[in-house]
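Worksheet for the structure shown next.
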There are 2 protein chains.
Amino acid sequence: MNDSQPSPNFQPLYRQVKQVLMQRLATHHWKPGDLLPSEPCLAEELGVSPGTVRKALDEMTAQNLVVRRQGKGTYVTTHSPHRALFHFFHIERDDGARELPDSTVLSIRQAAGNRNERKNLALPSSGKVIRIKRVRAFDGIPAIFEEIVVSAKRFTGLDKYPADDLPNTIYRLYEEKFRVVVTRAEERIRAIAADRTDAKYLNIPAGSPVLEIDRLAFGHENDVIEWRVSRCLTTEHYYLSELD
Amino acid sequence: MNDSQPSPNFQPLYRQVKQVLMQRLATHHWKPGDLLPSEPCLAEELGVSPGTVRKALDEMTAQNLVVRRQGKGTYVTTHSPHRALFHFFHIERDDGARELPDSTVLSIRQAAGNRNERKNLALPSSGKVIRIKRVRAFDGIPAIFEEIVVSAKRFTGLDKYPADDLPNTIYRLYEEKFRVVVTRAEERIRAIAADRTDAKYLNIPAGSPVLEIDRLAFGHENDVIEWRVSRCLTTEHYYLSELD
DNA sequence: AAGTGGTCTAGACCACCAA
DNA sequence: TGGTGGTCTAGACCACTTA
């Protein structure tokens, strides 16, 4: 751990430690939910002082890669329903309440990826995809129609899952069954006119304004894991974005 | 700084330090752009170790309340155009480019606040407001029509500003002329049908889908400073939200 | 050269948790 | 009771800025 060469790769020691730890997350040396070795253990193993390990873990905690529990230890973050609701779902009811909508899967199918799908998922021209269509409802009232697209190669067998068996919080499934961990996402949001499909599933006239959320979900290596387009009714809900 | 009473107000020392420092920002003991005393100075003044001051400043840096510059010192954050663009403006062009649109002020008027305005700005029933309407354009093409509402009491004289003199990045004006500092904002986003006013200013048919951004801007004491509703064309732009 | 923040270390003590 | 993370301290050295 003592490379004191004046290379162009200047990196503070604690960042090098962080890189090592993140590498171990990426390679599933430690999996979601696992307990990491204690800070003094890691410090000794890596040949640095405990304070340096601590600073690395501080940053990883800030990025939600790990969670600390006083008196117990440091755990690899996992996609709990709470995390799904508060980190990866930004729709709230007009009164400010937040809840995960129920989900009804319409279809899960494998197909050759179209150009946009291959571009967004960084697939070769022969790349296959799995598409999931579902409707999500608040209190039985349909509010979101969405299509999820993933690489068929990375998620081999997902298309054979019984539709009822898909958990509402699908990222947990990615973790447990496919060893794929979503750490970050980008959402591009537009107002568009509902097309006939949106209209049908959301029970609104075609042409009504709906909120389109175009999301890319990324993994540890900043690789795109999932592309998802959601069409949301925002008559009794809104999308909340907090700045700073 | 040594209250070692087992009161219910348990707060780590570094957080107490942070509170003191934040108080000084709130009361304009230090103003935007000011240079803070060095870490050892603050440590001595407050009777704590430098590391404790550092941890307090770490958190304040993470919250964008202060900015550190190695070799120079720690400065109170100010609303630079860069900050406006990258922290308080989330609209991007479809190709991912980001630029502040030009702004044309339509009107600045004082009036009695209506119910919603008084509610959002926490004003008494007799509260007066100042309303600013403007259109913002990318490359000369109108894309955003917005109305900004602030308390007339807090912003006395704002309504007499010549419309041309309003800077595009209005939060800087709040700081410099009214000693009001915006530190945080919440945006509630919906897709709605353009009304006749939107249609007129955005040069689109009434009923077209537009993105409504309903924003509350908060100050140091978590007090609401500004209410702003923007109607945005999202045919060549989108709203970017980054998760985690 | 002097002063600032940035990094790294080492150790003490506390609060929390599980056995 | 022993182990964990959480806090606080004290000091050394480095990198950057300004003069």
Side-chain angles (χ1 to χ4, degrees), chain A residues 1-21 24-25 30 33-78, chain B residues 1-21 24-25 30 33-78:
Chain A
M1 215 64 204
N2 284 329
D3 2 347
S4 38
Q5 30 181 346
S7 66
N9 317 346
F10 280 128
Q11 277 285 70
L13 193 47
Y14 74 91
R15 278 201 190 277
Q16 299 177 40
V17 169
K18 185 182 168 190
Q19 283 310 312
V20 171
L21 300 182
R24 293 188 185 175
L25 297 187
W30 295 316
D34 281 0
L35 174 63
L36 265 57
S38 76
E39 294 173 1
C41 283
L42 288 170
E44 194 188 13
E45 183 208 333
L46 300 173
V48 301
S49 95
T52 301
V53 169
R54 168 157 279 265
K55 189 153 182 180
L57 289 175
D58 278 346
E59 285 200 356
M60 294 172 69
T61 301
Q63 288 177 246
N64 287 307
L65 297 175
V66 297
V67 176
R68 296 207 235 236
R69 296 190 213 286
Q70 190 176 72
K72 301 182 72 172
T74 303
Y75 296 82
V76 183
T77 302
T78 192
Chain B
M1 215 63 203
N2 284 330
D3 0 347
S4 38
Q5 32 182 344
S7 65
N9 317 345
F10 280 128
Q11 277 287 71
L13 193 47
Y14 75 91
R15 278 202 190 276
Q16 298 177 40
V17 169
K18 185 182 168 191
Q19 283 309 311
V20 171
L21 300 182
R24 293 188 186 177
L25 296 187
W30 295 316
D34 281 0
L35 175 63
L36 265 57
S38 76
E39 294 173 0
C41 282
L42 287 170
E44 195 189 10
E45 184 208 332
L46 300 173
V48 301
S49 96
T52 303
V53 169
R54 168 157 279 265
K55 188 152 185 182
L57 288 175
D58 278 346
E59 285 201 354
M60 294 173 68
T61 300
Q63 288 177 248
N64 287 309
L65 297 175
V66 296
V67 177
R68 297 209 237 233
R69 297 190 213 287
Q70 190 176 61
K72 301 181 72 173
T74 303
Y75 295 82
V76 182
T77 302
T78 192

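Here is how names work: the chains are called A, B, and so on, in the same order as the sequence lines, proteins then strands, and each is numbered from 1.
- Remark: A:Gln70, A:Gly71, A:Lys72 in residues 60-76 of chain A come within less than 4.0 Å of DNA chain C through at least one heavy atom.
- Under the rule for a side-chain contact (heavy atoms from CB on, under 4.5 Å), the partners of A:Glu45 that lie at least two apart in sequence or sit in another chain are A:Arg24, A:Leu42.
- Panel note: side chain B:Glu39, backbone B:Val53; no donor-acceptor pair is recorded below 3.5 Å.
- A straight line from CG of A:Asp58 to P of C:dG6 spans 15 Å, rounded to a whole angstrom.
- Regarding A:Tyr14, its OH atom lies at a distance of 21 Å from the P atom of D:dC13, rounded to whole Å.
- The side chain of A:Pro12 approaches C:dT7 more closely than any other nucleotide in the set C:dT7, D:dG5, D:dC8.
- Picking from C:dT7, D:dG6, D:dT7 the nucleotide with the shortest atom distance to the side chain of B:Arg54 gives C:dT7.
- Out of C:dG5, D:dT9, D:dG6, the shortest distance to the side chain of B:Thr52 is found at D:dT9.
- Closest contact between the side chain of B:Leu13 and the listed nucleotides D:dT9, C:dC8, C:dG5 involves D:dT9.
- Closest of all the heavy-atom pairs between B:Lys18 and B:Met60 is CG-CG, 3.8 Å.
- Every residue two or more places apart in sequence or in another chain was checked for a side-chain hydrogen bond (donor to acceptor under 3.5 Å, both in side chains) with A:Arg69, and none qualifies.
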Inset, instruction - For side-chain contact (heavy atoms from CB on, under 4.5 Å), just list the numbers for B:Tyr14 and B:Val48, CA-CA rounded to whole Å, side-chain angles, deciding distance to a tenth of an Å, and then say yes or no. - result: CA-CA 9 Å; B:Tyr14 75 91; B:Val48 301; over 6 Å; no

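- A sub-4.0 Å separation between OP1 or OP2 of C:dT4 and a side-chain N or O of B:Ser38 is present.
- In this structure, B:Arg15 places its CZ atom 12 Å from C1' of D:dT7, rounding to the nearest Å.
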